[in-house]
Protein chains: 2
Amino acid sequence: MPRYKWDKTPENRAERKKRILDSILQEAARAFNARGYHKTSLDDIAKAQNVTKPTLYYYIRNKEDILVKCEDKASELINGLLDEVVKPEKTGLEILKEFIRGYIPLVTDDVIRCHIRFRGRMDSPELRKRSNNMHRAIELRVREVVARGVADGSLSTCTPTVVTLLLFGTLNGISYWYRDEGALSHDDIYQEALKMFMAGLAQS
Amino acid sequence: MPRYKWDKTPENRAERKKRILDSILQEAARAFNARGYHKTSLDDIAKAQNVTKPTLYYYIRNKEDILVKCEDKASELINGLLDEVVKPEKTGLEILKEFIRGYIPLVTDDVIRCHIRFRGRMDSPELRKRSNNMHRAIELRVREVVARGVADGSLSTCTPTVVTLLLFGTLNGISYWYRDEGALSHDDIYQEALKMFMAGLAQS
DNA sequence: GCCACATGTTACTCATGGGTATACAAAATA
DNA sequence: TATTTTGTATACCCATGAGTAACATGTGGC
């Protein structure tokens, strides 16, 4: 993997820059998740890319900007999933099930883990607000799905606001204990979560 | 509220020291939750107590020690709840319901919030391990409750390990969005969570 | 081959904040 | 009232790490 010698690959400079930025985000997110934001220095991040700290500033504005860029990517992915699963012809229940299935692989991705753990934690008040708004927008879309399910009768009566908050708690919580090397597959977790959410734990 | 003039109150020195330590933990936990551990300086914490930084070192070993002491208190409270609700004559379902009802008020307490958010995040590897062990012990006790419920037929068949992890995700998640000034009472949340967990969302 | 620009590096600055040495005041004790 | 113990403050040290200035070199176009 040659750094800086991009030879005759058909990749142009913009693409190369984007690829390196992406690599920085990925590695930085992994480090933030493992050691924490403040305990990860820019020197650490630079070292992981085999460059020096000032070079990072060619790709990012500052340390906080890494968080922001991760956030953007996370928002894009989650909203993309919602775009995929929300269809007019489907019931709320159907949509919710598909959302959950799609969301579980997402929460085990480093960049999204980073979003889950550090959203709304930026220093700058504007960025904090931006981050919170982004998340609120996502939450609102899911809340609408739940509300639709209640309206169309596929879900039992409940308070969509609270249910959505609880649901995100459960799903985002997965990101804290899931391990790639672990015995549980995404589908194992999906099955168990689905049974719990949809059928309930109590023996009827 | 005289500091250092403890007058003729019947409180002895040890009690006073404990009371001040408690106040430090409470305020520090609140600050950590609001602004983050690293963005809260010892000067901030000292100021909240109307003392100067060195004075803190009379009550704590160092900054990390605050986290450790919060952890201890959290562990004590949660294990205390478990001691209360786990009784040989009750079914797994009954115990689980009572645990959930008792746990919700706990997760909205600053010290426990602090435990939820910062457990396993200490710098020192020994303290990190200690923290993780404490949490694992709690999780294990709840897992046993779930397993008992499955065994006694009060809960439907499931994987207790996964269900317990998901359950803690949901309940701990509450600590991130619950607001004292909000419209939702602990009981509102409990009712909604219980319906979701026990009966499921899907209309049957 | 030379120029313009894209990437990188070395060598700094500088604020922040955890932690300490030391002196000092208030309370308990004798 | 003298002395010891408990509790608090002043004034410092110093490591860390974000961010910058200035300089160096590779790359593609002319």
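Both backbone and side-chain heavy atoms feed into the values below; hydrogens, waters and symmetry mates do not. Note on naming: letters A, B, ... go to the chains in the order of the sequence lines (proteins, then strands), and numbering restarts at 1 for each one.
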Between [N] atom [atom2] and [X] atom [atom1], what is the distance in whole Å?
X: Leu56(B); N: dA9(D); atom1: CG; atom2: P; result: 10 Å
X: Asp65(B); N: dG18(C); atom1: CG; atom2: P; result: 14 Å
X: Lys63(A); N: dG17(D); atom1: NZ; atom2: P; result: 8 Å
X: Lys39(A); N: dA18(D); atom1: NZ; atom2: P; result: 14 Å
X: Ile45(A); N: dA18(D); atom1: CD1; atom2: P; result: 8 Å
X: Asp43(B); N: dC12(D); atom1: CG; atom2: P; result: 16 Å
X: Glu64(A); N: dG17(D); atom1: CD; atom2: P; result: 18 Å
X: Glu15(A); N: dA6(C); atom1: CD; atom2: P; result: 16 Å

Using a 4.5 Å cut-off on heavy atoms from C-beta on, say whether the side chain of [Y] contacts that of [X].
X: Ile66(A); Y: Phe32(A); value: yes
X: Ile112(B); Y: Arg117(B); value: no
X: Val145(B); Y: Arg141(B); value: no

* Structure fact -> Closest to the 5' end of DNA chain D, once Arg61(A) and Ala14(B) are matched to their nearest nucleotides, is Ala14(B)
* Asked: Checking all strands, does Ser41(A) fall into the base, sugar-phosphate, or nothing category for heavy-atom contacts under 4.0 angstrom?
  -> sugar-phosphate
What's the closest nucleotide to the side chain of [X] if the choices are [options]?
X: Thr52(A); options: dT10(C), dT10(D), dG19(D); answer: dT10(C)
X: Tyr59(B); options: dA9(D), dT8(D), dT9(C); answer: dT8(D)
X: Arg13(B); options: dG19(D), dA9(D), dA28(C); answer: dA28(C)
X: Arg16(B); options: dT20(C), dT8(D), dA28(C); answer: dT8(D)
X: Leu42(B); options: dG19(C), dT27(D), dA28(C); answer: dG19(C)

* **Base dA9(D) to side chain Lys53(B), donor-acceptor N/O within 3.5 Å cut-off** => no
* To do: Kindly check if the number of other-residue, nucleotide or ligand heavy atoms within 6.0 Å of NZ (Lys97(B)) is above 12?
  => no
* To do: Indicate, with yes or no, if the rings of Tyr103(A) and Phe168(A) have centres closer together than 6.0 Å.
  => yes
* Side-chain N or O of Tyr57(B) less than 4.0 angstrom from OP1 or OP2 on dT20(C)? -> no
